[in-house]
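Quick notes on the structure that follows.
The chains referred to below are lettered A, B, ... by the order of the sequence lines, with proteins before strands, and numbering in each begins at 1. All values below come from the heavy atoms of this structure, side chains included, with hydrogens, waters and symmetry mates left out.
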Amino acid sequence: MKAHDAIRAALTEAAARLGASVAASTIELEQPRDPAHGDLATNLALTLAKSLKQKPRAVADRLVATLTLPQGLVRKIEVAGPGFVNFFLAEAQLATVLAGVLAAGGNYGKGDAGRGTKVNVEFVSANPTGPLHVGHGRGAALGDGIASLLEWTGHAVTREFYVNDAGTQIDKLARSLWARVQQAVGRPADIPEGGYHGEYLIELAAAVLVREGRSFADLPQEEGERRCREIGVRSQRAEQDEDLREFGVKFDVTFFESSVYRDGLLDQTLADLRARGYTYERDGALWLRTTAFGDDKDRVLRKSDGTYTYLLPDIAYHRQKHERGFARAIDVLGADHHGYIGRMRAAMQALGYPADFYHVELVQLVRVVRGGEEVRFSKRSGEFVTLRDLFQETGVDAARYFFLMRRGDAQFVFDVDLAKSQKEENPVYYVQMAHARMSGIFRVAAREPASVRADGVDLAVLVEPEEADLMKEVAAFPGVVARAAETLEPHRVTGYLEGLARRAHGWYHKYRVLGEPEEAARLVLAAAVRHVLANGLNLLGISAPDRM
RNA sequence: GCGCCCGUAGCUCAGGUGGAUAGAGCAGCAGCCUUCUAAGCUGUUGGUCGGAGGUUCGAAUCCUCCCGGGCGCACCA
């Protein structure tokens with residue numbers, strides 16, 4: 001709603017007259033829980049009190065005295081409590097938001113705070129050594145949600161998946177698969193230490209023998225393992241791609257570790273780090289002085305045996321993101337990688353990049369519970385519950401919503417029974433149902449929601465308290481999106497949607513739309529609420545069904 | 001031993017750059033279907049915000065210590 005912007009702008013000016021400089025976007029302007037505290041309230045005076053060395057109430061009084069707002073926006077301003085400034089909007093002001101929502105439609109809630117900044121969001125990035133598990137699913141939902149939030153706030157976003165197709169994990173995959181091939185033709189063979197024991201490699205070995213013929217197993221070991229490496233990576237990549245596609249996640253770029261070697265990026269990166277003076281030799285190894293940027297200890301780039309550690313290709317890869325023109329590189333990583341953050345951030349600074357170029361969002365582990373008991377292992381993957389098992393059982397919408405409804409850095413219990421429930425207890429159904437109900441009104445009225453216009457409709461008849469509440473909530477949506485994008489926290493959006501859905505259900509239950517004197521105005525309200533529910537759900541990659 | 005994340009109602013979790021009486025959902029209890037979906041709504045019970053100090057006019061929020069849970073601390077990736 002433009003009221004938010006107008007009030008923020010006016011507060012910025014008023015603060016300037018008191019000698020304080022604040023950016024309009026940083027001013028807290030919230031809808032108080034208690035309606036007696038107005039439609040919008042700011043704690044600006046409280047936050048300025050310290051720096052101005054005055055009492056909060058005095059600051060608030062002076063702020064209000066110098067505040068100049070556009071005519072007709074506000075009917076009353078109060079200073080209350082310890083120094084809050086409460087704004088009571090003019091009656092007609094509230095309804096103006098509805099016209100704005102209908103005009104913007106699917107774009108309502110978008111902003112341009114990002115001003116086209118190029119941002120790279122890397123997520124999932126699972127090794128191509130086995131099926132994706134639920135932890136990857138949480139990372140996928142969160143990474144995709146963060147990417148969408150950044151798009152909605154005007155950033156140019158690239159969704160990226162990094163494939164470790166060159167490391168020792170791949171060697172283990174190759175040797176594990178080769179062992180399964182040998183076992184399949186009746187020869188004794190052991191899965192190598194630290195190899196992959198999941199049943200999927202037994203299935204794959206059988207498929208390979210069918211396709212390539214049983215003589216495949218007679219290849220010399222070296223060639224057999226080489227072929228197994230290719231086949232294994234290709235097949236696991238294909239399965240992961242398919243899982244992600246069905247989960248509704250689409251990447252713009254798939255980046256292969258092997259290309260880092262092929263394109264000579266390692267040497268360039270090493271040369272850069274050397275030239276900037278952050279490397280040194282000791283004990284026959286080449287070290288990076290990450291302690292210069294707050295890391296616990298320096299890190300080895302090249303081992304004394306002449307081979308590189310994993311760190312160098314990773315640095316080269318992130319250096320390459322910078323070369324591609326990204327202002328920010330956000331990695332969504334599992335919490336077990338947190339030891340990695342310090343050294344990578346240090347490496348980025350050693351390359352001379354701004355401290356905020358590299359950012360990591362950690363995703364804590366997921367526990368899956370069904371029937372009150374933890375589901376731990378999947379026979380097929382040999383370790384955790386697979387993402388595919390999960391979304392096939394609960395549906396993609398429920399799985400994505402559940403992954404998004406909690407902060408990423410909190411451990412999370414995924415209740416499969418709750419996700420499958422088709423009652424109000426299940427938040428995703430609850431929100432989708434609110435959307436379906438709004439749609440139902442138009443279905444019965446035999447009208448397209450898109451055909452509803454606010455002009456010519458007298459919105460002043462929307463006088464019920466529940467209607468004022470709904471309009472305020474609708475007006476708050478762009479701010480919620482902006483804040484969620486700033487903090488990279490999609491759960492703010494699910495929380496908002498649940499609140500909006502609750503108000504929508506309550507209103508729907510208490511008042512009728514069709515056949516009432518207020519029909520035209522209420523159709524406008526229903527269409528606006530429906531838009532916001534749909535926009536919020538779509539932003540998170542969740543469908544907004546018209547009927548359920 | 002060192003580092004990071006977490007500890008809020010019976011359960012799952014918001015709130016965390018200090019601000020008005022700590023919120024929601026579920027579960028519990030009491031009600032509501034000739035109506036555009038009861039896949040819903042209304043009311044209600046329930047809290048020493050892990051503990052102890054500290055900073056502040058004001059602390060769930062910031063600082064210190066302690067307790068509990070998770071995860072990391074390689075010339076592994």
When we call it a touch if two heavy atoms are under 4.0 Å apart, what does [X] touch: a base, just sugar-phosphate, or nothing?
X        : value
A:Asp171 : nothing
A:Tyr511 : base
A:Arg530 : nothing
A:His37  : base
A:Ala434 : nothing
A:Tyr430 : sugar-phosphate

Taking atom [atom1] in both [N] and [M], what distance in whole Å separates the two?
N     : M     : atom1 : result
B:G68 : B:C32 : C1'   : 45 Å
B:G54 : B:C13 : C1'   : 30 Å
B:G69 : B:G51 : C1'   : 16 Å
B:A20 : B:A59 : C1'   : 15 Å
B:A14 : B:G25 : C1'   : 10 Å
B:G58 : B:C66 : C1'   : 26 Å
B:C4  : B:G43 : C1'   : 45 Å
B:A22 : B:U8  : C1'   : 8 Å

Output the rounded distance in Å from [atom1] ([X]) to [atom2] ([N]).
X        : N     : atom1 : atom2 : answer
A:Asn43  : B:A20 : CG    : P     : 9 Å
A:Arg503 : B:C41 : CZ    : P     : 13 Å
A:His509 : B:A39 : NE2   : P     : 11 Å
A:Arg512 : B:U34 : CZ    : C1'   : 12 Å
A:Met548 : B:A38 : CE    : P     : 13 Å
A:Phe442 : B:U37 : CZ    : P     : 13 Å
A:Leu44  : B:U17 : CG    : P     : 16 Å
A:Arg547 : B:U37 : CZ    : P     : 8 Å

Using the salt bridge (charged side-chain N to carboxylate O under 4.0 Å, His left out) criterion, which residues pair with [X]? Sequence neighbours excluded.
X        : answer
A:Asp295 : A:Arg299
A:Glu518 : A:Arg522
A:Arg62  : none

Q) Are the side chains of A:Val360 and A:Tyr340 in touch, meaning some heavy atoms are under 4.5 Å apart? A) no
Q.
Is there a side-chain contact between A:Pro131 and A:Gln236 in this structure, where contact means two heavy atoms from C-beta onward sitting under 4.5 Å apart?
A. yes
(Q) Quick test of your reading of the model: are A:Glu393 and A:Arg370 salt-bridged, counting only N-O distances below 4.0 Å? (A) yes
Q | Short N-O contact, A:Glu122 and A:Lys321, less than 4.0 angstrom | A | yes
Q: Only counting residues at least two apart or in another chain, list the ones meeting side chain to side chain donor-acceptor pair (under 3.5 Å) with A:Tyr278.
A: none
Q. Listed by chain and number, what are the side chain to side chain donor-acceptor pair (under 3.5 Å) partners of A:Asp267, not counting sequence neighbours?
A. none
Q | Residue from A:Tyr261, A:Phe255, A:Phe256 passing ring pair (Phe, Tyr, Trp, His ring centres under 6.0 Å) with A:Tyr317 | A | A:Phe255
(Q) Given a 3.5 Å cut-off on both pairing distances, which stems involving RNA chain B, each at least three consecutive Watson-Crick or G-U pairs, are present, if any? (A) B:1-7 with B:67-73, B:10-13 with B:23-26, B:28-32 with B:40-44, B:50-54 with B:62-66
Q: Not counting sequence neighbours, list each pair that qualifies as a salt bridge (Lys or Arg N to Asp or Glu O under 4.0 Å) and has a residue in residues 162-174 of chain A.
A: A:Asp171-A:Arg229
Q) With A:Phe123, which residues qualify under ring-ring contact (aromatic ring centres under 6.0 Å, His included), at least two apart? A) A:Phe251
Q: Between A:Ala501 and A:Ala41, name the one whose nearest nucleotide on RNA chain B is closer to the 5' end.
A: A:Ala41
Q. Closest nucleotide of RNA chain B for A:Tyr508 versus for A:Met433: which of these residues is on the 5' side?
A. A:Tyr508
Which side-chain N or O atoms in residues 342-350 of chain A pair as donor and acceptor under 3.5 Å with protein atoms at least two apart or in another chain?
| residue | atom | partner | partner atom | Å |
| --- | --- | --- | --- | --- |
| A:Arg343 | NE | A:Gly339 | O | 3.2 |
| A:Arg343 | NH1 | A:Tyr310 | OH | 2.8 |
| A:Arg343 | NH2 | A:Gly339 | O | 2.9 |

Q) On a plain distance test, is the side chain of A:Arg437 in donor-acceptor contact with the base of B:U35 below 3.5 Å? A) no
Quick one: which protein N/O atoms are closer than 3.5 Å to N/O atoms of nucleotides 25-31 of chain B? Pair and distance per line, please.
| residue | atom | partner | partner atom | Å |
| --- | --- | --- | --- | --- |
| B:C26 | OP1 | A:Glu424 | OE1 | 2.6 |

Q | Torsion-based syn/anti label for B:C71, 90° from 0 as limit | A | anti
Can you establish whether the number of heavy atoms outside [X] located under 6.0 Å from its atom [atom1] is more than 12?
X        : atom1 : result
A:Glu281 : CD    : yes
A:Glu193 : CD    : no
A:Arg443 : CZ    : yes

(Q) Within the 4.0 Å limit for protein heavy atoms, which parts of nucleotides 71-77 of chain B are touched? Write it as a string from 5' to 3', B for base, S for sugar-phosphate only, - for none. (A) BS-SBSB
**Q.** Annotated protein contacts, base or backbone, on nucleotides 6-15 of chain B with a non-hydrogen cut-off under 4.0 Å, one of B, S, - each
**A.** S-----BSSS
Q) Is A:Phe84 stacked on the base of B:A20 when the test is centres under 5.5 angstrom and planes under 30 degrees? A) yes
